[in-house]
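Values reported hereafter were calculated over all heavy atoms of this structure, with side chains retained and with hydrogens, waters and symmetry mates removed. No experiment lies behind these values; they were computed from the predicted model shown.
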Amino acid sequence: MKLLLVEDDARVADFLLRGLGAEGYAVSLARDGLEALALARTGDWGLMVLDVMLPQLNGLDLLQTLRSEGWPVPVLMLTAMGSLEDKVTGLRLGADDYLTKPFAFDELLARLEALGRRSRETRSRPALLQIADLQLDRERMRVTRAGTPVSLTAKEMAFLELLMSAPGRVFSRERILANVWGAYEDPLTNVVDVYVRRLRQKLGEGQGQALIRTVRGVGYKIDSEG
């Protein structure tokens, strides 16, 4: 996999070039933000490892610019700043993961492998999901029912996408919580049931064919049968 490494610290850059190269990555190095911007726009990259503190153009501004241009490559940010605010800023600007210096090389490898795996899974997914007259466009993050747009929150969209990704499959409340809200949520919470009611209302199931079904004692599924 081709990896763009953006790091101005010569010692860290040399260490990562050698280590990642030994692990099979084809690594190219950019030592400042402007050089990285030019390389990112012209190369066919699989991953980016991006330091925050860079000359010419800092990592956050670089990332914001690339994401505004629709650049889809997964990005792992490196920084000496470990505060929650710094991490939240990076993630909101489009970072996919965050690692604070100093870090263990094995952890970096594990995170890169996870990002690469998710990226491959995303590329292999169909762009358009459809159940009966309900459509979800993954690229535009747009939902329509019988051709009429349906306005959903980010969590509602993620919940619906999970159900539509496997029509007829029953998802337990625990699995829904883990995929949509994160595994740290209390499995006894009724948030899943609340969101099912919201989705049913927004999808107009009182007026058309019901699609989201309750499987008592198990969870929920979506299909067009019945």
Atom of [X], atom of [Y] and distance for their closest heavy-atom approach:
{"X": "Phe171", "Y": "Ala166", "value": "CZ-CB, 4.0 Å"}
{"X": "Asp51", "Y": "Lys101", "value": "OD1-NZ, 3.4 Å"}
{"X": "Leu112", "Y": "Leu47", "value": "O-CD1, 3.8 Å"}
{"X": "Gly46", "Y": "Pro74", "value": "O-CD, 3.4 Å"}
{"X": "Gly21", "Y": "Val27", "value": "N-CG2, 4.2 Å"}
{"X": "Ala40", "Y": "Met48", "value": "CB-CE, 4.3 Å"}

Could you check whether any side-chain N or O of [X] sits under 3.5 Å from a backbone N or O of [Y], counting only pairs where one atom can act as donor and the other as acceptor?
{"X": "Trp45", "Y": "Leu39", "result": "yes"}
{"X": "Glu156", "Y": "Thr153", "result": "yes"}
{"X": "Arg138", "Y": "Leu128", "result": "no"}
{"X": "Arg11", "Y": "Phe15", "result": "no"}

Indicate, with yes or no, if [Y] and [X] share a hydrophobic cluster defined by side-chain heavy-atom contacts under 4.5 Å among Ile, Leu, Val, Met, Phe, Trp and Tyr.
{"X": "Met141", "Y": "Val180", "result": "yes"}
{"X": "Val218", "Y": "Phe159", "result": "no"}
{"X": "Ile176", "Y": "Val170", "result": "no"}
{"X": "Val215", "Y": "Val192", "result": "no"}
{"X": "Phe103", "Y": "Leu109", "result": "yes"}

Any salt bridge linking [X] with [Y]? Criterion: basic side-chain nitrogen under 4.0 Å from a carboxylate oxygen.
{"X": "Arg169", "Y": "Asp223", "value": "no"}
{"X": "Asp44", "Y": "Lys2", "value": "no"}
{"X": "Arg31", "Y": "Glu7", "value": "no"}

> Atom CG in Leu134, atom CD1 in Ile222: separation rounded to 0.5 Å?
Replying inline: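 The CD1 atom of Ile222 is 5.5 Å from CG of Leu134, to the nearest 0.5 Å.
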
> Say you draw a straight line from OG1 of Thr144 to CG of Asp133; how long is it, rounded to the nearest 0.5 Å?
Replying inline: 8.5 Å

Any side-chain heavy-atom pair from [X] and [Y] closer than 4.5 angstrom?
{"X": "Leu34", "Y": "Leu54", "result": "no"}
{"X": "Leu16", "Y": "Leu108", "result": "yes"}
{"X": "Arg145", "Y": "Lys202", "result": "no"}
{"X": "Tyr25", "Y": "Leu5", "result": "no"}
{"X": "Leu76", "Y": "Leu99", "result": "yes"}
{"X": "Val49", "Y": "Leu3", "result": "yes"}
{"X": "Leu50", "Y": "Leu63", "result": "yes"}
{"X": "Val143", "Y": "Gln135", "result": "no"}

> Does NZ or CZ of Arg197 lie under 6.0 Å from the centre of the six-membered ring of Tyr195, at an angle within 45° of the ring axis?
Replying inline: no

>> Is a donor from one side chain sitting under 3.5 angstrom from an acceptor on the other, for Asn190 and Asp193?
In response: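 Looking only at side-chain atoms, Asp193 and Asn190 do not form any donor-acceptor pair under 3.5 Å.
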
>> Taking side chain to side chain contact (heavy atoms under 4.5 Å, CB included) as the criterion, tell me which of Asn58, Thr65, Leu66 meets it with Leu62.
In response: Leu66

> Residues in salt bridge (Lys or Arg N to Asp or Glu O under 4.0 Å) with Arg111, at least two apart?
Replying inline: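 Only Asp97, Glu107 meet the salt bridge (Lys or Arg N to Asp or Glu O under 4.0 Å) criterion with Arg111.
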
